[in-house]
Structure formats: structure tokens, C-alpha cells
Visitor: 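Let me give you the structure first, and then I'll get to my questions.
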2 protein chains.
Amino acid sequence: MAEGKTIKRAGAVFVEGMGAAFATSGVLSQLQGRIFGLLYLDPEPVSLDDIADALDQSKSNISINIRGLVDWHLVRRVSVPGSRRDHYEAATDFWRVMQEIMERRFRWNLRQVIATCDETERTASEKTSARDKDRRFVEQRLAALRQFAAGVDAGIEAFSQGNAVSPDLMHGTPGKKRRKS
Amino acid sequence: MAEGKTIKRAGAVFVEGMGAAFATSGVLSQLQGRIFGLLYLDPEPVSLDDIADALDQSKSNISINIRGLVDWHLVRRVSVPGSRRDHYEAATDFWRVMQEIMERRFRWNLRQVIATCDETERTASEKTSARDKDRRFVEQRLAALRQFAAGVDAGIEAFSQGNAVSPDLMHGTPGKKRRKS
DNA sequence: GTTTGTGTTTAGAATATTTCGAACATACTG
DNA sequence: CAGTATGTTCGAAATATTCTAAACACAAAC
């Protein structure tokens, strides 16, 4: 609306590019990428219907998908004085978004791995019929995986808090066992 | 085969846990997680058919999915003396896998964003009809996004090479404009 | 060279996800 | 309060993905 027809052309390139990028991100969908692309190049907040219109999608679909964008802090819902409609604008604090993803996606995933290791070990130790050799093998493997996941988890946490992270702190030189300090 | 029935029970917990973890990873599928889970707790390499059998899937499906695991270096194909079949075993160098993912997934994705910014800018500058104000707005936004993506990209590269990465090197304090050097 | 064992490709079936339009709920307008 | 504008929810349709079984290709064994 506020932008000229030419920008709209360039906008189409950007919108589709963001769609492609988001689609392969594993975090957000193609449509969410396109929505973000549209908003990011528009200086004015845009209403739901205008977004639906511009991207040729149903209002309900935009409604659903934009919620995810707001969740990840990639888009803000703002109120526009004259209008009763919800309006949306792109956020520009990508750093924040990245932190959010690291917290809620990566770390959550790592904890899931850790939890699985723990649960497996508990289950394995209940039943005592397995040969010692097998038991030890499994426990050693579970320990190795848990240690890796815990290390990365700690690394991300440190990073999130503004600390530098160095690779060798995270991977405990696999193969050879090493003391903690 | 080489593992007792009890380990198999615990194994089921682990297999399903890995399936769940991988499913939400955005990189690999649930089935791939289950395959990895199975192999990771087995000291012996396992044949295609045995995997298919254990996970109750068709051979072809396993064949397809295991290729992805090998691609990401999460699983190795090994040859077993007595048998003509391909056998597979889990890799244990998670660090390597992580690097692989960072390179081939994250960085590739960031470059995609950068490329889109560049392409958009080129398209925008061809058409000169837009008002200066709009043009500058768009260009400033494209520059900001590109800078962020380039920063993260450089950070990951450094990290991959064993260097420490600190957050403040990456995010150029958004809001206020800043000179390059 | 034929047969047998093995992994891969392929076409279609099964399943899951995305999308739409209608129905609904809610809040503003007069 | 009636009426209208707006966002959300819901069930069905469209689309995409995953999975299977059969056909295929290739190599080893006989």
C-alpha cells in the first residue's frame, strides 16, 4: 500500500527468497517465510487481510501461520490508530530471534536426548539378565551421547548469556577417555 | 542379534526416544532417528534386512532413509567378512556430525538469505521509479539482514575451525547504525 | 550362463500436512 | 440492543510426504 509498484516487484523476489530459505530452515514454514518477507520490506504495519491478499492465501491460513512468527518474535502485532484491524510488522532484532530458536528448539532437543539416555539407562538397569559385557557397552554409549548433548547444551547456554564459546570445551576428544579437569 | 532380550527392551525406549528427538530436529526424520537408535546400542554392525525387521519397516524404506544418515556421517556402512550384505553401524563422532550439519544446513541457509538480499537489491535498483524514501528504507533493511546473516555465517565458520565465538562479535548492536571498522 | 542373493528404483497406496471457506465468537459502532 | 467488522476455529478438500511391494539391476555362486 505504502510502497510503489516497483518495490513490489523487488518485493516478490524477496518474498519468494525468504519463503525458500525458511522452508529449508527446519524451524518455520515456507509461507511463514513469505509473510515475513512481505512485512520486512514494508515500512508500514500490514493488516491480516492485506497480507492474505498480497500472498494469495486465505485469511485463516495467514492467521494460523502468523501466530508462529509472533511466537518466535520475528513479527510483532501492533495496533494502528485509525483501524480496528490487527496490524503486523517485521521485527528487526534477529539476534533475539536466534536466541529464542536456540533456547526453545535446539536446547529443548538436546534435553530430549539427555532424558532419553537417562530413561534408557534406568530401564536397562532394572532388568539384570543381560550379560555384563553388553550392559557395559550400552552404558558407555549412553554416557558418551549424554555427555555430548550436555556439553553442547551448556555451550549454547553460555553463548546465550553473552559468553564466548570455544569448540574444544565442548567435544571431549572422543575415543580416549579424559578427566574432567 | 548379538544383544540379549533385555537390552532389546531398553533398546525400544532408546529407539523411540531418538525417533522423537530426530523428528523435531528439523534435519532428520523420525525413522532415521529410530534407525540410529537401533544401531547405536548394538555393538555389531546390522544388516539392512535386520534393521527393517527390527523397526517393522520395508527394506526399501530403510534403504532410502539410511542413505541420509550416511550422508550426515551419523552411520557408517561397513562390510562384514562372512556376509554379502551391507552392514551398518552407528558413528560416535557427534562433533563431526554437528560440524557437517552446521556447514551443509545452517551456513547454506544463511547464504541463501544473503543471496536473496543481493538479488532483491539488484532488482530494486533496476527500476528507478520508486520514491527515494522507500528505496532507502528497503536498502537499509536488506543491508541489515545481510549483515546479520553474514555475521552468523562468519561465526559458524570460525567455530568450525576450532576458534572461540563470542556473541558480541556477531550482533552489531541493532538500532544504532555503526561503521564497519 | 543360469540361478540366487542383495540393494535400489518406481508406481501407487497410506498417511500426514496444508489450505480453504464457512461457521463461530467477540468486540466495536451506532 | 441490533448490526457490523474482525479474528479464530472447524471440517472437508487439496497437496505433499512417507511407506510398501513389485520390478529391476547387478554381482556373486554354482
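Per chain, numbering begins at 1; letters A, B, ... match sequence-line order.
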Visitor: How long is the straight-line distance from CG of A:N65 back to CD of A:Q30, given to the nearest 0.5 Å?
Guide: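 A:Q30 atom CD to A:N65 atom CG measures 10.5 Å (nearest 0.5 Å).
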Visitor: Indicate whether the side chain of A:Q99 and that of A:W95 have a donor and an acceptor atom separated by less than 3.5 Å.
Guide: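 A pair is found: one side chain offers a donor N or O, the other an acceptor, under 3.5 Å apart.
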Visitor: Within this structure, what is the CG-CD1 distance for the pair A:L28 and A:I101, rounded to the nearest 0.5 Å?
Guide: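 Reported value, rounded in 0.5 Å steps: 6.0 Å.
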Visitor: Taking protein heavy atoms under 4.0 Å as touching, what does nucleotides 22-30 of chain C look like 5' to 3' if B marks base contact, S marks sugar-phosphate-only contact and - marks none?
Guide: -----BSS-
Visitor: Does any part of the side chain of B:I51, heavy atoms only, come nearer than 4.5 Å to the side chain of B:L39, both counted from C-beta?
Guide: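 A side-chain contact under 4.5 Å exists here.
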Visitor: Give the rounded distance in Å between these two atoms: CD1 of A:I62 and P of C:dG21.
Guide: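 Those two atoms, CD1 and P, are 13 Å apart.
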Visitor: Of the options D:dT9, C:dT8, D:dG7, whose atoms approach the side-chain atoms of A:R67 most closely?
Guide: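 Selected nucleotide: D:dT9.
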Visitor: Using whole Å, what does the distance between atom P of nucleotide D:dA21 and atom CG of B:L48 come to?
Guide: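 It is 15 Å, rounded to the nearest whole Å.
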Visitor: Between C:dT6 atom C1' and B:Y88 atom OH, what is the distance in whole Å?
Guide: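 To the nearest whole Å, that distance equals 11 Å.
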Visitor: How close or far is atom P of D:dC26 from atom CG of B:D86, stated in whole angstroms?
Guide: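 Distance, rounded to whole Å: 16 Å.
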Visitor: Tell me the interatomic distance from B:D49, atom CG, to C:dT4, atom P, rounded to whole angstroms.
Guide: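 Going from CG in B:D49 over to P in C:dT4 covers 18 Å.
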Visitor: Honestly, is B:R105 close enough over B:W72, meaning NZ or CZ under 6.0 Å from the six-membered ring centre and within 45° of the axis?
Guide: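 So B:R105 doesn't make the cation-pi contact.
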Visitor: Report the nucleotide, chosen from C:dG7, D:dT8, D:dT6, that has the shortest atom-to-atom distance to any side-chain atom of A:R85.
Guide: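 My answer, after comparing the listed nucleotides, is D:dT6.
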Visitor: Based on the rotation axes of five pairs at each end, what angle does the helix from C:dG1-D:dC30 to C:dG30-D:dC1 bend through, to 10°?
Guide: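 It works out to 10° between the end axes.
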Visitor: Can you confirm whether the side chains of B:T24 and A:N109 place a donor and an acceptor under 3.5 Å from each other?
Guide: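 There is such a pair between these side chains.
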Visitor: Starting at the 5' end of nucleotides 14-19 of chain C, put B wherever the base has a protein heavy atom under 4.0 Å, S where only the sugar-phosphate does, and a dash everywhere else.
Guide: -----S
Visitor: Please give me the minimum heavy-atom distance between B:F22 and B:S29, naming the atom from each residue.
Guide: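 Distance-wise, the nearest heavy atoms are CB-O, 3.4 Å.
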Visitor: So, A:F94 versus A:Y40, ring centres under 6.0 angstrom or not?
Guide: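 That pair passes the under 6.0 Å test.
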Visitor: What is the distance, rounded to the nearest whole Å, between atom CG of B:D50 and atom P of C:dT6?
Guide: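 After rounding, the reported distance stands at 11 Å.
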Visitor: Could you tell me whether the phosphate oxygens of D:dT8, OP1 or OP2, come under 4.0 Å of any side-chain nitrogen or oxygen in A:S63?
Guide: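 Affirmative; the distance criterion is met.
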Visitor: Rounded to the nearest Å, what distance is computed from the CG atom of residue B:L55 to the C1' atom of nucleotide D:dT18?
Guide: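 Distance check: B:L55 CG to D:dT18 C1' gives 15 Å.
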Visitor: Rounding to a whole Å, what distance do you find between A:I51:CD1 and D:dT8:P?
Guide: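 Between P of D:dT8 and CD1 of A:I51: 11 Å.
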Visitor: Can you tell me how far the CG atom of A:D86 sits from the CG atom of A:D49, to the nearest 0.5 Å?
Guide: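 Answer rounded to 0.5 Å: 10.0 Å.
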Visitor: May I ask you to test the A:L145-B:F14 pair for a side-chain heavy-atom distance under 4.5 Å?
Guide: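 When only atoms from C-beta onward are counted, B:F14 and A:L145 do touch, with a gap below 4.5 Å.
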Visitor: Taking C-beta and beyond as the side chain, do A:R146 and A:E121 meet within less than 4.5 Å on heavy atoms?
Guide: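 In short, these two side chains touch, coming nearer than 4.5 Å.
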